[in-house]
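Read through the structure below, which is laid out as structure tokens, and then see the notes.
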Amino acid sequence: MLKWAAMLGGACGGMYFMRKCIRKEVVDVVVVTDVGKDIDDTMALLFLAELHKKGVINLKGIIACGGRTTDRANVASMLLMSAVPDNEVLIVPGKDTTLCNEPFPNTDVLTHPVTTDHHPHGTTVTVTSLIHNAHVICLGPVTDLAHSISLKSRPKSFLIQGQVTKDLQPDEESYNLRCDIKAAGMVFEKSKEFNIPVVLLGKYAAYECPVKQVHVEYLKANTVLPWDLRNVVLETLREFVSDSGSGDILKRAYGIDVSELRKDVSLPLKEQIWNTFPHLSVPYDPLCCMLLGIVVPESNTLRAFSREFVAKPAGGNFITVGNDSSAPAVRNPERMVDLLCVTAAGRSWEDVLYRQQAR
């Protein structure tokens, strides 16, 4: 049974509990995520859950971040209970504020009742020991990592959804890094100090790989989720379209005249979005998870993903993918989204029928 543990102290020094789980030697992965209601977090966790079930990785733990972390831990728990019901993954709620004790800007979370199972016995785990010798995938603010990195707690790598400046500092254009820029700076500096490889997935890579209606329908049909994925995606976009200040952004991102959508009352707004938008999302978070293929080249399974990325040394221990708009970041974006969807759904990569439909 899946279990998640409650924090009993500060975010970085707090104690967590889990039952001892003996697994064969595979790549250890810890994911830091602000999973709440966005499709990209959901796709990322489904993707990692499938790699976990296949024995390619050991999903050692999930740190819920970004505010309302208990609710986010519940969401992660519900997702993984449907994806890996017979395996134990530690899910930890992190800090609810930044290192400067400021609230996080976006705390939207899907709220559903969930039974949490606390286990105040067994193996005691801290964030420090959780990340040691693991590949840490950062899909949200890195607040809970800032004070946890040391020689005795040295991750094998950081895979970060974000960008880096020319002087190897966190790019404040990256939402996740900007949310707690002090914590991001500390993680960057400690990764340099301890020579920890850092691979960054920039927004320009995600822009190349749009998630379309057929991808959402495929995932909905081939996964077991505690909510309607199609409806969640459309509700997010409906809220965005309804925001009076979002017109310029949507025009640039989708080429859609939002004012015309609002005028048309013949169809519900969600249906207009489904029928009109050229794509529904961009897969920031799952693409970041696919960077595992770069840092674990010995895995044949993960190598399929690394071949699709155009990775560039940025200096020191940093590698970037899609850090700027000057060159392609993904060799075959269509194939990349195919690989993502069929893996997240637990299907064979030779799922030809789906790949024909997606095209």
Side-chain angles (χ1 to χ4, degrees), residues 27 29-35 38-52 56-57 59 62 79 135-142 157-164 171 173-177 197-212 214-216 218-219 223 229 233 236 253 279-297 299 301-312 314 318-345 349 355 358:
V27 175
V29 172
V30 173
V31 59
V32 180
T33 174
D34 55 354
V35 61
D38 291 339
I39 183 176
D40 58 337
D41 295 277
T42 299
M43 291 174 70
L45 289 181
L46 288 175
F47 174 80
L48 293 174
E50 284 301 324
L51 294 182
H52 178 83
V56 178
I57 68 170
L59 189 52
I62 296 173
L79 278 171
H135 297 282
V136 180
I137 303 176
C138 305
L139 310 179
V142 294
S157 71
F158 284 116
L159 311 176
I160 298 177
Q161 197 259 75
Q163 295 170 195
V164 65
D171 187 342
E173 292 296 313
S174 303
Y175 175 80
N176 287 339
L177 302 180
V198 178
V199 188
L200 294 113
L201 190 285
K203 61 184 179 182
Y204 298 104
Y207 290 165
E208 293 179 30
C209 302
V211 176
K212 299 180 180 179
V214 66
H215 303 123
V216 174
Y218 178 82
L219 288 171
T223 57
L229 185 62
V233 174
T236 300
H279 62 276
L280 301 174
S281 184
V282 288
Y284 288 107
D285 292 346
L287 283 179
C288 188
C289 296
M290 296 170 102
L291 293 176
L292 277 167
I294 294 175
V295 294
V296 193
S299 170
T301 305
L302 296 174
R303 193 177 299 150
F305 309 127
S306 65
R307 284 197 296 262
E308 303 299 330
F309 285 120
V310 181
K312 299 179 179 180
F318 287 78
I319 297 173
T320 62
V321 175
N323 200 64
D324 57 65
S325 60
S326 62
V330 180
R331 290 187 175 88
N332 189 334
E334 191 175 72
R335 172 177 162 80
M336 186 63 109
V337 181
D338 281 355
L339 286 173
L340 167 61
C341 288
V342 297
T343 304
W349 291 345
R355 292 177 65 184

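In this text the structure is predicted, and so the values were computed from the model without any measurement.
Applying the side chain to side chain contact (heavy atoms under 4.5 Å, CB included) test between C288 and each of L159, L200, D40 identifies L159 as the sole match.
The CD1 atom of I57 lies 6.5 Å from the CD1 atom of I137; values are rounded to the nearest 0.5 Å. In this structure, L287 CG and Q161 CD are separated by 9.5 Å, a value rounded to the nearest 0.5 Å. One finds the SG atom of C341 at 4.5 Å from the CG atom of L219 (value rounded to the nearest 0.5 Å). Between atom CG of residue L340 and atom CD of residue E308 there is a gap of 12.0 Å, rounded to the nearest 0.5 Å. The distance from atom CZ of F305 to atom CG of L291, rounded to the nearest 0.5 Å, is 11.0 Å. Distance CE/M43 to CG/L79: 12.5 Å, rounded to 0.5 Å.
Under the 4.5 Å side-chain criterion, counting only non-hydrogen atoms from C-beta, V321 is in contact with I294. Taking 4.5 Å as the limit, some side-chain heavy atom of V310 sits within range of a side-chain heavy atom of R331. Within the 4.5 Å cutoff, side-chain heavy atoms of M290 are placed close to those of L339. Looking only at side-chain heavy atoms (C-beta outward), L48 and L292 come within less than 4.5 Å of each other. Counting heavy atoms from C-beta outward, K312 and N323 have side chains that stay 4.5 Å or more apart. Put simply, the side chain of Y218 does not reach to within 4.5 Å of the side chain of V214, judged on heavy atoms. For the pair P197/I319, no side-chain contact is recorded, criterion being any heavy-atom separation below 4.5 Å from C-beta on. Side-chain contact between F47 and D285: absent, with no pair of heavy atoms (C-beta onward) separated by less than 4.5 Å.
S281 and I39 get closest at one heavy-atom pair: OG-CG2, 3.3 Å. In this structure, T223 and A344 approach most closely via the heavy-atom pair CG2-O, 3.9 Å. Pairing each heavy atom of S157 with each of V295, the nearest pair is OG-CG2, 3.8 Å. Here the closest heavy-atom approach between residue P283 and residue A206 is recorded as CD-O, 3.9 Å. Listed here is the closest heavy atom pair of V337 and P210: CG2-O, 4.0 Å.
Between the side chain of N176 and the backbone N or O of L139, at least one donor-acceptor pair lies under 3.5 Å. S174 contributes a side-chain N or O that, together with a main-chain N or O of Q163, makes up a donor-acceptor pair within less than 3.5 Å.
Aromatic rings from Y175 and Y284 are positioned such that their centres are separated by 6.0 Å or more.
Residues satisfying the salt bridge (Lys or Arg N to Asp or Glu O under 4.0 Å) test with E208, not counting sequence neighbours, are none.
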